[in-house]
Amino acid sequence: MADKIRISDVAKFDGQEVVVEGWLYNKRSSGKLHFLQVRDGSATIQCVVFQGEVEPSVFEDAAELGQESAIRLRGIVREDARSPLGFEIGVIDIEVVHQSESYPITPKEHGTAFLMDNRHLWLRSARQQAIMKVRSTIVKACRDYFDSNDFLLVDAPIFTPASCEGTSTLFETDYFDEKAYLTQSGQLYMEAAAMAFGKVYCFGPTFRAEKSKTRRHLTEFWMIEPEVAYMDLQGDMDLAEDFISFVVQRVLEERRTELESLERDIAPLERTLKPFPRISYSEAHEMLKAEGIAHTWGDDFGAEDETVLANKFDRPVIVHRYPAACKAFYMKADPENEKLALCMDVLAPEGYGEIIGGGQREDDLNTLQEKLSEHGLDAAPFEWFLDLRRYGSVPHAGFGLGIERTVAWLCGLPHVRETIAFPRLLQRLYP
RNA sequence: UCCGUCGUAGCUCAGCCGGCAGAGCAAGUGGCUGUUAACCACUGGGUCGUAGGUUCGAGUCCUACCGACGGAGCCA
């Protein structure tokens, strides 16, 4: 009985008879030969059906296979220099598990709208498989980093009673005749968890109902958010750069093949090592002015501003101490200049923009209460959050990293919609 | 929400100054023992986004609406 193998393991079975279970990715025929490109999710391998080597019925079945037909095939692994894998399979027998006809995604070019309508099938394409594999590795690396640095995973709720930041538009749902909102960040809950466990992180989906229609926005996206007690802004920036360096280097180690198939230029990723350059908001403002870009001190940076700033450095850049007015209410004011917040953003290179936002949190009860009212927020839903400042309040800091933007950056993709299996966009709820 | 571009075969597109609806791929049939988005020959395939309007005549010109894409703003 032949071994059932994953195609990615084929090198271990040179000269042996094996069984592969997969789908027909593409087929080319030449009279008495059929070349079947078979994928099983791990890789794709060419399987050769020669009329002189198989039963007539097998050769006939091979001739009639449609794209994406499900097949279980048996054959001999053999080395072949012409194969990208270095191996191909000489077919002995084929079992047609399911005959597929008129598969919509042909080996020709397609438009984005059509491919998104067929996202459930598009995921079978080589390029999408490479992206999903990089994403999986990024997520694993993020978890490994925090798990191995003494952080505790604490899951934040998805239903929340009020806005976390008071800045963005939330999805409203009916929660047993009460209003509930889909979370836009787990951060406030992580602050509570940090006071309980010291070093914590959460990883989950977050939701924004903003009508953003750009290449860097989804209405549902995944964020990983560490929060640490007794940590200040300096420590927060140290953590962010150490974390990003780790994740990027892990992806380079484990997913080089996928990055190459995506034609990603590896050089900028290889330079992504700590320390990252750190500039203040005011320095960034001056840099923009020096470039002849109109920017008013006090305004947040736009997408184009971020790109110009990032292009001045060869690795991610940390911008710290933004004006408090353009940041969330819970940011701690800079004791050296009350107009500034002890916050920081990490801007990815090559125009990928903000991948991390974070900072030191306000830990004084009275100041936090004042900021809530300054932002026009009702204090009642935040009483539990204020309790954290009543019972053993300490300096603490954290940040959130957007997974999709990180995947887009590392894969070199022009749009975040391909970084998640089933993207949720302004105009996209299907499939 | 604002600005711009585009809606023609299953898919990607061409269709000029308004005059018979086209190509490639996919599908079907046949051919080829080493193909690499294989190739060659043949066949079938259309509510030209929707609704009005102008005209002898509209895929083509005009108006409105719908949808998609790109950008801005908002945000991560």
Side-chain angles (χ1 to χ4, degrees), chain A residues 25-37 44-54 59 63-64 66-68 78 80-85 88 90 100-118 121-122 125-127 163-170 183-187 205-225 299-306 326-328 343 345-348 352-358 399-409 414-417 419 425-428:
Chain A
Y25 191 72
N26 197 7
K27 179 180 73 175
R28 288 178 282 273
S29 296
S30 178
K32 297 186 169 57
L33 278 169
H34 297 298
F35 301 97
L36 312 179
Q37 318 306 128
T44 302
I45 192 166
Q46 174 159 284
C47 302
V48 184
V49 188
F50 176 42
Q51 194 172 35
E53 292 175 353
V54 297
F59 190 77
E64 293 186 354
Q67 196 186 346
E68 285 301 325
R78 61 189 179 221
D80 194 300
R82 290 164 294 195
S83 161
L85 273 179
E88 63 178 25
S100 167
E101 280 163 32
S102 297
Y103 186 68
I105 302 179
T106 65
K108 271 280 181 180
E109 62 201 55
H110 298 283
T112 308
F114 173 78
L115 290 170
M116 274 299 168
D117 283 340
N118 289 284
L121 303 176
W122 192 18
S125 302
R127 184 180 164 78
S163 162
C164 288
E165 309 188 358
T167 50
S168 54
T169 320
L170 306 185
T183 184
Q184 62 172 311
S185 165
Q187 189 211 309
T206 49
F207 308 86
R208 304 283 166 95
E210 250 112 29
K211 299 198 169 175
S212 297
K213 205 184 163 188
T214 80
R215 63 179 65 190
R216 17 172 106 159
H217 289 88
L218 298 168
T219 55
E220 176 182 315
F221 66 101
W222 286 67
M223 194 150 64
I224 190 157
E225 298 175 277
D299 287 354
D300 205 348
F301 299 122
E304 181 59 29
D305 300 332
E306 287 182 353
C326 58
K327 289 291 172 181
C343 65
D345 283 358
V346 179
L347 307 182
Y352 284 95
E354 182 184 346
I355 51 169
I356 276 184
F399 60 78
L401 171 111
I403 293 293
E404 287 74 18
R405 286 188 182 178
T406 304
V407 177
W409 166 41
H415 200 300
V416 292
R417 67 186 156 212
T419 64
L425 296 150
L426 195 51
Q427 304 285 355
R428 165 91 32 210

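The sequence lines fix the lettering, A, B, ..., with proteins before strands; numbering per chain opens at 1.
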- Message: Donor-acceptor pair, distance only, cut-off 3.5 Å: does the side chain of A/Y25 make one with the backbone of A/A126?
- Response: yes

- Message: Considering every strand and a 4.0 Å limit on heavy-atom distances, what is the contact class for A/R127: base, sugar-phosphate, or nothing?
- Response: nothing

- Query: For A/F114, does its backbone N or O pair with a side-chain atom of A/D117 as donor and acceptor, under 3.5 Å?
  - Reply: no

- Query: Out of B/U35, B/C74, B/U33, which has the shortest distance to the side chain of A/S212?
  - Reply: B/C74

- Note on the structure: Note: for A/T112 and A/F301 on RNA chain B, the residue whose nearest nucleotide lies more 5' is A/T112

- Query: Do the side chain of A/K213 and the main chain of A/L425 share a donor and acceptor less than 3.5 angstrom apart?
  - Reply: no

- Query: Any idea if B/C17 is syn or anti, going by the 90°-from-0 cut?
  - Reply: syn

- Item | Same-atom distance (C1') from B/C42 to B/U50, integer angstrom | 38 Å

- Task: Quick one: label A/Q46 by what it contacts on the DNA or RNA (base, sugar-phosphate, nothing), any heavy atom closer than 4.0 Å.
- Result: base

- Message: Between C1' on B/A72 and CZ on A/R216, what's the gap in Å once rounded to a whole number?
- Response: 12 Å

- Query: In whole angstrom, what separates A/E101's CD from B/A26's C1'?
  - Reply: 13 Å

- Taking the side chain of A/S29 as its heavy atoms from C-beta onward, which of B/U35, B/A72, B/C32 lies nearest to it? B/C32

- Task: Assign each of A/E64 and A/K27 to its nearest nucleotide of RNA chain B by heavy atoms, then name whichever residue's nucleotide is nearer the 5' end.
- Result: A/E64

- Query: Taking atom CZ of A/F50 and atom OG of A/S30, what is their separation to the nearest 0.5 Å?
  - Reply: 10.5 Å

- Which nucleotide sits closest to the side chain of A/H415: B/G70, B/U12, B/U33? B/G70

- Message: Mind checking if A/N26 touches a base, just sugar-phosphate, or nothing, with heavy atoms under 4.0 Å?
- Response: sugar-phosphate

- Message: List the residues meeting side-chain contact (heavy atoms from CB on, under 4.5 Å) with A/V48, not counting sequence neighbours, and say none if there are none.
- Response: A/L33, A/F35, A/Q46, A/R78, A/E88

- Is A/G111 touching bases, backbone alone, or none of the nucleic acid, heavy atoms closer than 4.0 Å? sugar-phosphate

- Query: Choosing from B/G34, B/C11, B/A72, which nucleotide comes nearest the side chain of A/H110?
  - Reply: B/C11

- Item | Donor/acceptor link under 3.5 angstrom from A/E88 side chain onto base of B/G34 | yes

- Message: Mind checking if A/G31 touches a base, just sugar-phosphate, or nothing, with heavy atoms under 4.0 Å?
- Response: base

- Message: If we check side chain to side chain contact (heavy atoms under 4.5 Å, CB included) with A/V416, which of these qualifies: A/T214, A/V407, A/L218?
- Response: A/L218

- Message: Over all strands shown, is A/I355 touching base, sugar-phosphate only, or nothing at heavy-atom distances under 4.0 angstrom?
- Response: nothing

- Item | P atoms of B/A58 and B/C74, separation to the nearest Å | 48 Å

- Item | Separation of the P atoms in B/U63 and B/U54, to the nearest angstrom | 15 Å

- Message: From C-beta outward on A/V48, which listed nucleotide comes closest to its side chain: B/U12, B/G34, B/U33?
- Response: B/G34

- Of the listed B/C74, B/C69, B/G34, the closest approach to the A/R417 side chain comes from B/C69

- Atom CD of A/E68 and atom P of B/A27 are separated, to the nearest Å, by 13 Å

- In whole Å, what separates the P atom of B/G45 from that of B/C61? 29 Å

- Task: Would you mind classifying the nucleic acid contact of A/F35 as base, sugar-phosphate or nothing, using non-hydrogen atoms under 4.0 angstrom?
- Result: base

- A/T106 has its side chain closest, among B/G10, B/C74, B/A27, to B/G10

- For A/W122 and B/C11, what is the distance between atoms CH2 and P respectively, to the nearest whole Å? 16 Å

- Item | Atom-to-atom span, CG of A/N118 to C1' of B/A26 - whole angstrom | 14 Å

- For RNA chain B, which ranges pair as stems of 3 or more consecutive Watson-Crick or G-U pairs, with both donor-acceptor distances under 3.5 Å? B:1-7 with B:66-72, B:10-13 with B:22-25, B:27-31 with B:39-43, B:49-53 with B:61-65

- Query: How many Å lie between NE2 on A/H34 and P on B/G31, as a whole number?
  - Reply: 11 Å

- When you get a sec, tell me which of B/U33, B/U12, B/A72 is the closest nucleotide to the side chain of A/S30? B/U33

- Message: Quick check for you: to the nearest 0.5 Å, what is the distance between A/R127 atom CZ and A/W122 atom CH2?
- Response: 8.0 Å

- Distance between the C1' atoms of B/U8 and B/G49, in whole angstroms? 10 Å

- Message: Between A/Q67 (side chain only) and A/N26 (backbone N and O only), is there a donor and an acceptor less than 3.5 Å apart?
- Response: no

- Note on the structure: Distance col, row A/W222:CH2 vs A/T206:OG1, nearest 0.5 angstrom, shows 9.5 Å

- Whole-Å C1' distance, B/C6 and B/A26: 24 Å

- Query: Taking CD from A/E210 and P from B/A72, how many angstroms apart are they, rounded to a whole number?
  - Reply: 15 Å

- Mind checking the C1' distance from B/C13 to B/U29? Whole angstroms is fine. 27 Å

- Message: Quick test of your reading of the model: are A/R216 and A/E306 salt-bridged, counting only N-O distances below 4.0 Å?
- Response: yes

- Using the C1' atom on both, measure B/A64 against B/A9 and round to a whole Å. 28 Å

- Nearest-angstrom distance from the residue atom CD of A/E306 to P of B/C74: 11 Å

